[in-house]
There are 2 protein chains.
Amino acid sequence: MTVPSGRRERKKAATRQKISDTALRLFLERGYDTVGIRDVAAEADVAVTTLFSHFASKEALVFERDEDFEQRLTQAVTGRAPHEPLIPALRREIRSLVRHCTADSAAPIWRMIDESPALRKYEESMRLRHAESLATAIAADPGLSPTTTASRTIARFVIDAHSLAREAADPDAALDEIFRMIEAAWEVTGPSGPA
Amino acid sequence: MTVPSGRRERKKAATRQKISDTALRLFLERGYDTVGIRDVAAEADVAVTTLFSHFASKEALVFERDEDFEQRLTQAVTGRAPHEPLIPALRREIRSLVRHCTADSAAPIWRMIDESPALRKYEESMRLRHAESLATAIAADPGLSPTTTASRTIARFVIDAHSLAREAADPDAALDEIFRMIEAAWEVTGPSGPA
DNA sequence: GACCGTAGCACTAACGGTTAGCTTTTTGAA
DNA sequence: TTCAAAAAGCTAACCGTTAGTGCTACGGTC
């Protein structure tokens, strides 16, 4: 009972990591579509069912680290300095996230994602989830009093900003431009403006 | 060659319609997930391969009519009265589209969509396509001179407006609120404002 | 009216992601 | 040592989707 301390957790994490590493390597070597789940499982030396007990789908193998994304966004809202305005805090976080995924080391992965319809679809559905988490965080902020609609709308806009900036020729410039628009949209939601 | 006039077209359209009607009926009767492609094909009295020659995927059976959506949006931009500002024209069109899919007759279909992850995913990827068409239409407007980023951003925001308003408790009120935000975002994209 | 190209449809068989059902091994604790 | 549960395994399937192949009906042409 209680906490399954020690070895068990480590072994499980190791198995998960091995599967993830193997999958990403094979996908990049041979292409996402040409590598099958059975290939990944064989190369990682696990059963197919084991693979699916660690990852909900083939696409999830590629987006392994996306819980980070969601957490960092909500953290940027709930954990910002007292009296710091909402939008600049979000802008800073989004900028950091965009830089992270436009870095050279991440480029091959994102090229692979952009080329696979299945992966793009999956990313889209992730964005909806992220937007809803962010909306909840914004709505719960004690310093603000946005309507439900306003918080959900701003959350969507912010997620859009990430997606659009990531694809832009000049991500930093695009981000500035988009956040100017978001700032304007945010300001009309309350006569008192951001806290 | 030329146009395969007459009977052939009618027969093809009839087959397509029969498949679509049968599918929607079965989905609503028994649930999207519990009805298989083979069930639909059998009930419509066609082969599975025939079904897939008319519809690209199972989800496409549900969203049969959504070529309209894309066309109506771009039409709202390219076909609006001379000197009519962009955002109000879009707002009018989105309002009409939202009303159409919150109507009582469409309610069961949208409930089904909201309950099926596969259908939600599909809808999400459709939204991306719609946003890109709309962005292209906005960018091509002779009366405006938005940057690429601005037109893509506004397009996303408008698509978001549809999706958010559709789910809101009071769609009309939500739409007003969101479009106030979009209007503000649009105004900061050019010092001269909309044409 | 006979002829031919092609569009539409059918059928079988498979592929690839995913899951259910059940057994075996490993691990932590009594 | 013993036991319960977690983790991993195997088999066999389900389901959406596609390839390959052939048949039939239609439309245009001589």
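Please read these numbers as outputs of a predicted model, since none were measured by experiment. Just the heavy atoms: all of them, side chains too, but no hydrogens, waters or symmetry mates, feed the values below. Here is how names work: the chains are called A, B, and so on, in the same order as the sequence lines, proteins then strands, and each is numbered from 1.
Interface remark: the A/Thr49 side chain does form a donor-acceptor pair with the D/dC10 base, using a distance-only criterion of under 3.5 Å. The base of C/dT18 sits with one of its N or O atoms less than 3.5 Å from a complementary donor or acceptor on the side chain of A/Arg38. Not a single donor-acceptor contact under 3.5 angstrom links the side-chain atoms of B/Arg8 to the base of C/dG8.
What you find for A/Ala139 and A/Ser151 is that their closest heavy atoms are CB-OG, 3.8 Å. Closest heavy-atom contact between A/Pro171 and A/Ala169: CD-O, 3.4 Å.
Between B/Arg129 and B/Asp66, none of the side-chain N atoms (NZ, or NE/NH1/NH2) sits under 4.0 Å from a carboxylate O, so this pair counts as no salt bridge.
Taking the ring centre of A/Tyr122 as origin, the terminal cationic atom of A/Lys58 falls outside the region bounded by 6.0 Å and 45° from the ring axis.
Residue contacts shown for B/Val40 are absent, as no nucleic acid heavy atom lies under 4.0 Å away. Within 4.0 Å (heavy atoms only), A/Val46 reaches sugar-phosphate atoms of the nucleic acid but no base atom. Using a 4.0 Å heavy-atom distance criterion, B/Asp45 is classed as a sugar-phosphate-only contact.
If A/Val48 and B/Lys12 are placed on DNA chain C by their nearest nucleotide, the residue sitting closer to the 5' end is B/Lys12.
The side chain of A/His54 sits closest to D/dA8 out of D/dA8, C/dA10, C/dT18. Of all nucleotides listed (D/dT17, C/dC9, D/dA8), D/dT17 comes nearest to the side chain of B/Ile37.
The distance from atom CG of A/Leu51 to atom C1' of D/dA7 is 14 Å, rounded to the nearest whole Å. Protein atom NZ of B/Lys58 is 15 Å distant from nucleotide atom P of C/dT18, rounded to whole Å.
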